[in-house]
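Taking it in order: structure first as structure tokens, then the write-up.
The chains referred to below are lettered A, B, ... by the order of the sequence lines, with proteins before strands, and numbering in each begins at 1.
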There are 2 protein chains.
Amino acid sequence: MRTAATSEHCNSRFGIERRDAGLSFPPARPSAAQALPSKCAGCGPRQIAICAAVPEQELARLSAAGISVPIEPGRRFMEEGEAAENFFIVTNGTAKLLKMLPDGRQQITSFVGDGDFLGLALSTQYSYSVEAITQVRLCRFSRPRMRQLFADFPLMEKRLLASACHELVLAQEQMLLLGRKSARERLASFLVHWAGKSEPTSLPGGSRKQILVKLPMSRSDIGDYLGMQIETVSRTLKVLKVAGVIATAPGWGVMIQDLARLQALSGNV
Amino acid sequence: MRTAATSEHCNSRFGIERRDAGLSFPPARPSAAQALPSKCAGCGPRQIAICAAVPEQELARLSAAGISVPIEPGRRFMEEGEAAENFFIVTNGTAKLLKMLPDGRQQITSFVGDGDFLGLALSTQYSYSVEAITQVRLCRFSRPRMRQLFADFPLMEKRLLASACHELVLAQEQMLLLGRKSARERLASFLVHWAGKSEPTSLPGGSRKQILVKLPMSRSDIGDYLGMQIETVSRTLKVLKVAGVIATAPGWGVMIQDLARLQALSGNV
DNA sequence: CGCACACTTGAACCCCCTCAACCCAAGTGG
DNA sequence: CCACTTGGGTTGAGGGGGTTCAAGTGTGCG
């Protein structure tokens with residue numbers, strides 16, 4: 001519980017010294033925008049996204065910078081190699097980040113959901129594609145707008161660093177999984193991870209604490225995420241099922257019967 | 001270059017030319033220790049590390065914050081799970097980042113060299129270990145010192161974000177490799193990547209442009225990096241050798257005979 | 001109903017792992 | 001000087017986990 005230098009709670013105010021190509025601070029007629037409640041005010045994921053760095057009384061400026069966009073399931077709204085013109089923040093739904101090989105093989109590097117930031121690119125092009133799995137709603141920011149936001153609210157960029165840092169840790173974890181774990185361990189790790197995002201629903205019978213995991217993605221997506229074929233996913237799920245560790249839940253979900261055993265099977269002890 | 005957004009053209013390992021002509025820094029009382037030449041002044045990797053955000057006349061403060069430390073080959077100077085008390089910047093040598101499974105299996109998530117930053121942790125603990133491969137020299141910064149540096153030189157933190165961003169891209173590339181590529185493709189990709197770090201040595205015979213790649217790490221390290229066994233590394237190298245794509249070089253190096261074919265074999269076309 | 005689509009199941013194969021021996025260069029010590 | 005050890009790398013034989021190909025089973029939707 002120590003003060004993290006790089007990430008959380010950075011109090012230091014400092015003037016961002018970037019030449020912002022003519023963009024200057026006071027763009028706002030604050031009174032007018034302030035009157036009506038900004039759309040950001042009612043945004044649930046705002047609290048966990050990097051937007052939390054914007055104080056309540058400044059939400060109007062945040063709202064003015066971003067445009068809310070709906071995306072249909074299956075639609076790609078970011079393409080590897082395309083010009084990186086926008087940043088996105090997911091406000092609703094689930095999407096997948098993926099990289100492709102020329103021959104069509106693909107690897108999903110992560111699933112993103114509420115509050116996740118998209119569009120970090122070190123060059124002028126995106127290095128991966130993003131495709132909506134469920135119905136997705138997101139906030140789009142042009143690069144200049146986002147730059148302006150960072151200039152106005154330096155804390156935002158600090159939160160972004162913390163977020164990138166978090167993703168790096170997850171990526172390293174995934175590399176360990178892909179490089180060194182067996183199919184059963186991969187699937188177990190995957191389920192344990194998603195179990196952590198679901199609240200445990202105590203069984204009415206009361207015998208054991210079960211966890212219902214909603215899996216929005218297809219078997220094919222799971223395979224592309226875990227580096228295995230769809231058939232192997234199916235077979236391995238069955239193995240876990242006959243072992244009594246999990247059970248199929250209605251509507252593309254999985255009911256975890258024995259989290260402890262699942263964790264043991266994940267290889268992480 | 002082009003209009004710079006948050007992390008444009010920022011590359012932690014290679015030159016970042018975000019020079020800030022006409023930028024003013026916060027208060028910064030003029031250092032008294034300006035007289036003697038600071039050790040940072042003669043530091044080669046400084047230009048490519050996040051230290052490049054510190055202007056020349058302020059190098060004394062940078063020098064005061066960091067402590068230069070030598071590390072013997074094979075020595076671990078960061079351990080997964082340990083309290084994250086320090087940040088490091090590699091000024092010389094090569095080290096490996098690794099994550100371990102309880103049963104001993106391990107995955108190397110990346111190799112780091114001159115100018116690379118280490119120690120980003122989102123919690124109070126390191127999420128991976130770092131072990132020196134060659135003789136390594138690095139600069140150690142305590143968290144409070146680093147925090148102070150970030151407060152004094154905000155550009156440093158921006159460069160850090162760019163660096164983390166770059167590592168994320170590399171991590172995604174590696175996930176694609178680990179999840180979807182065959183052994184031969186992995187090794188080819190690995191060699192192509194390291195060939196990019198070596199300057200091509202034109203063959204005296206003049207027949208073809210060859211590239212001598214110095215590989216400081218062992219076969220075991222290569223295996224742990226590419227997610228394959230050491231025997232498979234050895235066998236696959238031989239396959240490439242008899243195919244005439246590479247040749248063994250004296251002193252643990254590899255001579256790339258046909259970069260084009262190697263790239264074709266890497267699966268990236 | 002019938003088509004489409006996702007998932008499951010089955011059987012054969014093969015790439016890579018596992019285990020084991022071997023090679024070779026560098027110490028080390030008598 | 002040679003015997004011995006040690007550690008990294010190579011080579012060989014065999015087996016298995018996961019892929020590949022193919023067919024079968026739902027299930028939603030026109």
N/O donor-acceptor pair under 3.5 Å between [X] side chain and [Y] backbone:
X	Y	answer
Arg137(A)	Val90(A)	no
Thr232(B)	Met228(B)	no
Thr134(B)	Thr94(B)	yes
Gln107(B)	Asp224(B)	yes
Arg46(A)	Cys40(A)	yes

Minimum-distance pair of heavy atoms, taken over all atoms of Val239(B) and Arg184(B)
CG1-CD, 4.3 Å
Heavy atoms of Val245(A) and Leu265(A) approach each other most closely as CG2-CD1, 4.2 Å
At a 4.0 Å cut-off to heavy atoms of chain B, the contacted part of DNA chain C spans dC16(C) to dA20(C)
Distance-only donor-acceptor check, side chains Ser189(A) and Lys181(A), under 3.5 Å
yes
Is the closest side-chain donor-acceptor distance between Ser234(B) and Arg219(B) under 3.5 Å?
no
Sorted by number, the residues of residues 219-240 of chain B with heavy-atom contact under 4.0 Å to DNA chain C
Gly227(B), Met228(B), Gln229(B), Glu231(B), Thr232(B), Arg235(B)
Under 30°, 30 to 60°, or over 60°: which ring-plane class applies to Trp194(A) and Phe111(A), parallel, tilted or perpendicular?
perpendicular
Taking 5' to 3' order, which nucleotide of DNA chain D is first and which is last to have an atom within less than 4.0 Å of a heavy atom in chain B?
dG9(D) to dA13(D)
Who are the salt bridge (charged side-chain N to carboxylate O under 4.0 Å, His left out) partners of Arg105(B), not counting sequence neighbours?
Glu185(A), Asp103(B)
Residues at least two apart in sequence or cross-chain that pass ring pair (Phe, Tyr, Trp, His ring centres under 6.0 Å) with Tyr128(B), listed by chain then number, are none
For DNA chain D, which residues in residues 171-192 of chain A have a heavy atom at a distance below 4.0 Å?
Ser182(A), Ala183(A)
